[in-house]
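The structure appears right after this line, and notes come after that.
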Amino acid sequence: MKFGGTSVGDVAAFERVIYVVSSQIDRRPVVVVSAMTKVTDALLAAFEVAKKGDFAEAFTSLDPHFDRHTTVADHFITGDGPRPFDAELDLARGEISDLLIRVARRSLPLSMLRDAIVSYGEQLSSRLLAEVLRSRGIAARQIDSRRLIVTDDEFGAAQPMIDETNELVRVELAPLIDAGEVPLMGGFIAANRAGETTTLGRGGSDYSAAIVAAALGASELQIWTDVTGVMTCDPRICSSARTIPVLSYEEAAELAYFGAKVLHPKTIKPAVDSQIPVRVCNTFEPNEIGTMVVADSAETPNKIKSIAHKKNITILRISSARMLGSYGFMSAVFQVFERFRTVIDVISTSEVSIALTLDNTTELDKIVTELERLGDVEVDPGYAVICVVGEGLRASTGLASKIFSTIDDVNIALVSHGASSVNLTFVIREEVAADVIRDLHREFF
Ligand code: ASP
Ligand code: MG
């Protein structure tokens, strides 16, 4: 069971986690927890301030966040006598202070210091949650993830060494589970072979949880967050949107681009590869079943599972007679985007032109200047990408025709289909996006 930052944001959130864990205690859970919400951002901001030399300011900026931990501890861990968490928090403050001074003085490599500092979010949340659960009679035991998850030296985006990690997770956690304890670890943090703290990249707690689930052969990986799974479309656009009960991994991956609320395909891959179903659940509505992501999911009667969209999209068209019958032209175009570190989303090509979409236009002017060496460039802002996803697109005929005839009064600027057999993507004017989504939703759901 992985709990995200908002699921451990405050006293009420911890209360809900206690409920969720105790109601499934018979399933012998392992708990993976993110930092309390906003703490990772605060630690990274403190690092940046210290980097500019202002160590004192960096350190005091963290006070309100330390206090939030204490507020939770005060609420749950009552009774006299010293609280182990207080000692832990004092130690952490001292260590963070020391690390921030090192940042200001550049006395160790910055990327290493950054991971060391940011790791305290999960170090503290996992300590705190373990004590809170224990205060309610759950036999939770905090285990330092840095002793279990072994990574390479890529600070900030470390890759786990899977065999070593699997072995350690099994050796350390299996006996605890067998003894009826609930192992509890911070997500996101790990260590390299030299024992230096590393992190798996932002949002990496899901990844940690999937790695642990795979290592243990869990019956299910539950990702507890603040939405009830993945929806058939954006509920703000269409009030009849509902939670999708089952998605295939491929469908979930296609939807990932359309919102941080959906799982990142990379992070759950270890679980999916081991055939472990991944369930996205809502801590705020713990009795809803949420969305289950499985390796393969059959086509459903509606054929499609979700209509996702993204607004604020710019279309770029590059046309050049040179493209006809020549090789290397695409590569030249893509290199421009690579140089300016700009992600391309939808692509469509004809004999003498390429159309593509961008959602980040910060480098647009420079990109256009470079592309103009290759051909004529047209920039067209104000579009929306609509993405229809479903295993039914693979399996049935006539579906594209049904989709387009539902919206036959709409001008379609770009279409992409076939790269993935479960995705049909098209681009339309932003102003008509909401109506298009509603029409399609009515037709298919
Ligand atoms: N706390 C980390 C972050 O905010 C990891 C996570 O939440 O998954 O990115
Ligand atoms: Mg998070």
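What you are looking at is a predicted structure, and each value in this text was computed from that prediction instead of being measured. Counting starts at 1 for both ligands and their atoms, following the listed order.
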Geometric N/O contact K2 with ligand 1, under 3.5 angstrom: no
Chi angles and distances behind the side-chain hydrogen bond (donor to acceptor under 3.5 Å, both in side chains) call for Q335, S331: CA-CA 6 Å; Q335 274 169 31; S331 160; 3.2 Å; yes
Any N/O pair F188/ligand 1 closer than 3.5 Å: no
Donor on one side chain, acceptor on other, T197 and R146, under 3.5 Å: yes
Selected option - heavy-atom contact closest to atom 2 (C) of ligand 1, from K38, M36, E122: E122
Atom indices of ligand 1, in the order listed, that fall short of 4.0 Å to a heavy atom of R202: 3 (C), 4 (O), 9 (O)
For T6 against A13, the heavy-atom pair lying closest together: O-CB, 3.8 Å
Atoms of ligand 1 close to S34 [distance to a heavy atom under 4.0 angstrom, numbered from 1]: 6 (C), 7 (O), 8 (O)
Plane angle bin for W224 and F3 - parallel if under 30°, tilted between 30 and 60°, otherwise perpendicular: parallel
Pair E391-S248, side-chain donor/acceptor within less than 3.5 Å: yes
Ligand 1 contacted by G4 (non-hydrogen, < 4.0 Å): no
Non-hydrogen atom of G5 closer than 4.0 Å to ligand 1: no
Carboxylate-amine/guanidinium proximity below 4.0 Å for E181 and R134: no
